[in-house]
Amino acid sequence: MRLLLMIIAFLMPLTPASAQPAGPIPYDGWTLVIHGGAGTIDRERITAEQDASIRASLSQALETGSAILREGGTALDAIEATLRLLEDDPQFNAGRGGVFTWQGTIEHDASIMDGSTRAAGAVTGTSNTRHPVTLARRVMDSSPHVFLSREGADQFSREQGLEQAENDWFETEYRRGQWEAFRARIESGEEIGVLDIDYKFGTVGAVALDRHGNVAAATSTGGMTGKRWGRIGDSPVIGAGTYADNRGCAVSATGDGEYFIRAGVAHEICAQIRFRFQMLLEAARASVPLDDEGVPEYYVHASEFGLETADMQQIADSVIAEMGDLGGTGGVIVTTPWGNSVYSFNTPGMYRGMAGGDRESSVAIYGDE
Ligand code: ASP
């Protein structure tokens with residue numbers, strides 16, 4: 001069957017469109033998809049300079065991860081390196097440039113997941129770890145746990161010898177201004193709700209498929225401006241803001257964390273993709289002709305099969321719509337072990353980028369791009 005598909009793929013340019021195979025050809029390349037947050041990102045609010053600067057940062061991050069994947073590096077190494085760069089970039093709500101808490105500090109959340117083993121690591125409320133995504137990875141690789149919080153997480157970070165920074169090193173004037181405006185509005189009794197997405201966008205995330213066939217996902221954020229009472233968003237919650245499973249896909253989310261947690265967005269998308277794939281595989285097996293003894297003439301192996309990007313887009317869109325029905329806004333990036341990648345978001349824009357073995361790498365900001 002694999003040989004047959006390869007022959008068909010080779011002949012494809014010579015055959016008329018109607019004779020081309022309906023199913024996807026197995027993919028042996030790599031993919032990388034990134035986001036830098038979703039929100040009310042439209043042309044009126046962003047200057048030409050900001051637009052250019054965000055695009056340059058996204059392109060650089062994409063190239064950093066792509067270089068690792070192109071050389072045969074792992075999806076985990078690629079997404080970690082990509083997010084470290086974005087964490088250091090003050091334009092994004094992660095690492096340096098993270099939003100302020102109610103008290104005026106900066107507290108980070110991050111997570112990472114390996115689709116080949118479903119191992120995961122996550123941290124919430126860290127104050128001094130320069131690269132929260134690397135700490136999440138250490139939790140996964142070097143601790144018996146999945147999720148560490150606050151001072152304990154920073155302590156583990158020091159014990160692991162990870163780079164530390166004073167909390168005010170993460171500060172930017174822009175985020176301080178947002179915090180002051182937010183507090184002034186709340187203190188004057190205005191009902192703006194703590195879920196006002198415009199006070200936080202800039203969370204960063206990456207998903208990748210490597211040449212070994214493994215997917216991985218990671219997300220890193222400062223959370224939301226004015227967060228208090230130890231509030232935790234979706235970004236470090238495995239299954240809500242981040243999920244990876246080689247049987248389905250890798251997802252990283254951004255948006256109103258509370259709704260992403262309630263809808264279990266990242267796991268929901270992966271589970272639906274996994275079941276859709278199983279369904280299609282079983283249908284393909286059921287359609288194999290039987291020989292005289294009633295035995296299928298050939299065996300359709302899972303590795304010979306994939307998922308159409310349109311199917312996957314429909315799944316991601318329907319889960320985002322469900323989260324939207326609850327009242328939330330935001331988006332996701334998704335990639336599968338079959339090489340499909342999509343974005344889905346219900347906000348006017350999402351900072352995003354996509355690269356892969358056989359496609360031009362591209363970055364985008366607004367919904368209509
Ligand atoms: N999802 C993040 C949170 O709720 C924020 C964001 O993605 O903008 O903490």
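What's counted below: heavy atoms across the whole structure, side chains too, no hydrogens, waters or symmetry copies. Just so we're clear, the structure is a prediction, and the values are computed from it rather than from any experiment. The first residue in the sequence is number 1, and the count goes up from there.
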Nearest 0.5 Å, please: how far is [atom2] in [Y] from [atom1] in [X]?
{"X": "Gln272", "Y": "Ile315", "atom1": "CD", "atom2": "CD1", "value": "5.5 Å"}
{"X": "Thr117", "Y": "Met140", "atom1": "OG1", "atom2": "CE", "value": "6.5 Å"}
{"X": "Ile34", "Y": "Ser59", "atom1": "CD1", "atom2": "OG", "value": "7.5 Å"}
{"X": "Glu308", "Y": "Gln314", "atom1": "CD", "atom2": "CD", "value": "12.5 Å"}

No-hydrogen, no-angle side-chain donor-acceptor test under 3.5 Å, [X] and [Y]:
{"X": "Asn214", "Y": "Asn246", "value": "yes"}
{"X": "Gln155", "Y": "Arg158", "value": "no"}
{"X": "Asp109", "Y": "Thr124", "value": "yes"}
{"X": "Asp89", "Y": "Ser57", "value": "yes"}
{"X": "Thr126", "Y": "Asp154", "value": "no"}
{"X": "Ser157", "Y": "Arg138", "value": "no"}
{"X": "Gln313", "Y": "Ser344", "value": "no"}
{"X": "Glu63", "Y": "Ser361", "value": "no"}
{"X": "Ser252", "Y": "Thr219", "value": "yes"}
{"X": "Ser127", "Y": "Glu107", "value": "no"}
{"X": "Tyr366", "Y": "Asp51", "value": "yes"}

Using side-chain heavy atoms (C-beta onward) and a distance below 4.5 Å, is [X] in contact with [Y]?
{"X": "Glu171", "Y": "Asp168", "value": "yes"}
{"X": "Leu162", "Y": "His131", "value": "no"}
{"X": "Leu85", "Y": "Phe92", "value": "no"}
{"X": "Met323", "Y": "Glu268", "value": "no"}
{"X": "Val334", "Y": "Ile269", "value": "yes"}

Task: Pairwise salt bridge (Lys or Arg N to Asp or Glu O under 4.0 Å) hits with a residue in residues 276-294, at least two apart - done: Arg276-Asp311
Should [X] and [Y] be counted in the same cluster of Ile, Leu, Val, Met, Phe, Trp and Tyr side chains packed under 4.5 Å apart?
{"X": "Met312", "Y": "Val33", "value": "no"}
{"X": "Ile333", "Y": "Tyr351", "value": "no"}
{"X": "Trp30", "Y": "Ile79", "value": "yes"}
{"X": "Leu58", "Y": "Met354", "value": "no"}

[X]: which residues meet the ring pair (Phe, Tyr, Trp, His ring centres under 6.0 Å) condition with it, sequence neighbours left out?
{"X": "Tyr243", "answer": "His267"}
{"X": "His108", "answer": "Phe170"}
{"X": "Phe345", "answer": "none"}
{"X": "Tyr343", "answer": "none"}

Open item on the list: Counting neighbours of CD on Gln103 that are heavy atoms of other residues, nucleotides or ligands and sit closer than 6.0 Å, is the number greater than 12?
Closed with: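 Check passes, neighbour count above 12.
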Open item on the list: If you count every heavy atom of other residues, nucleotides or ligands that lies below 6.0 Å from Glu173 atom CD, does the total exceed 12?
Closed with: no
Does the pair [X]/[Y] count as a salt bridge with the N-to-O cut at 4.0 Å?
{"X": "Arg211", "Y": "Glu71", "value": "no"}
{"X": "Arg262", "Y": "Asp234", "value": "no"}
{"X": "Glu369", "Y": "Arg352", "value": "no"}

TODO: Determine, stepwise, if the pair Asp77 / Arg137 fulfils salt bridge (charged side-chain N to carboxylate O under 4.0 Å, His left out).
DONE: CA-CA 10 Å; Asp77 285 347; Arg137 177 133 189 216; 2.7 Å; yes
- [ ] On the 0 to 90° scale, with breaks at 30° and 60°, tag the Phe182-Trp102 ring pair as parallel, tilted or perpendicular.
- [x]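 Rings of Phe182 and Trp102: perpendicular, over 60°.
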Open item on the list: Would Arg96 and Trp169 count as a cation-pi pair here, with the cationic atom under 6.0 angstrom from the ring centre and within 45° of the axis?
Closed with: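 Pair Arg96/Trp169 counts as cation-pi.
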Task: Set of side chain to side chain donor-acceptor pair (under 3.5 Å) partners for Asp368, sequence neighbours left out - done: Arg43
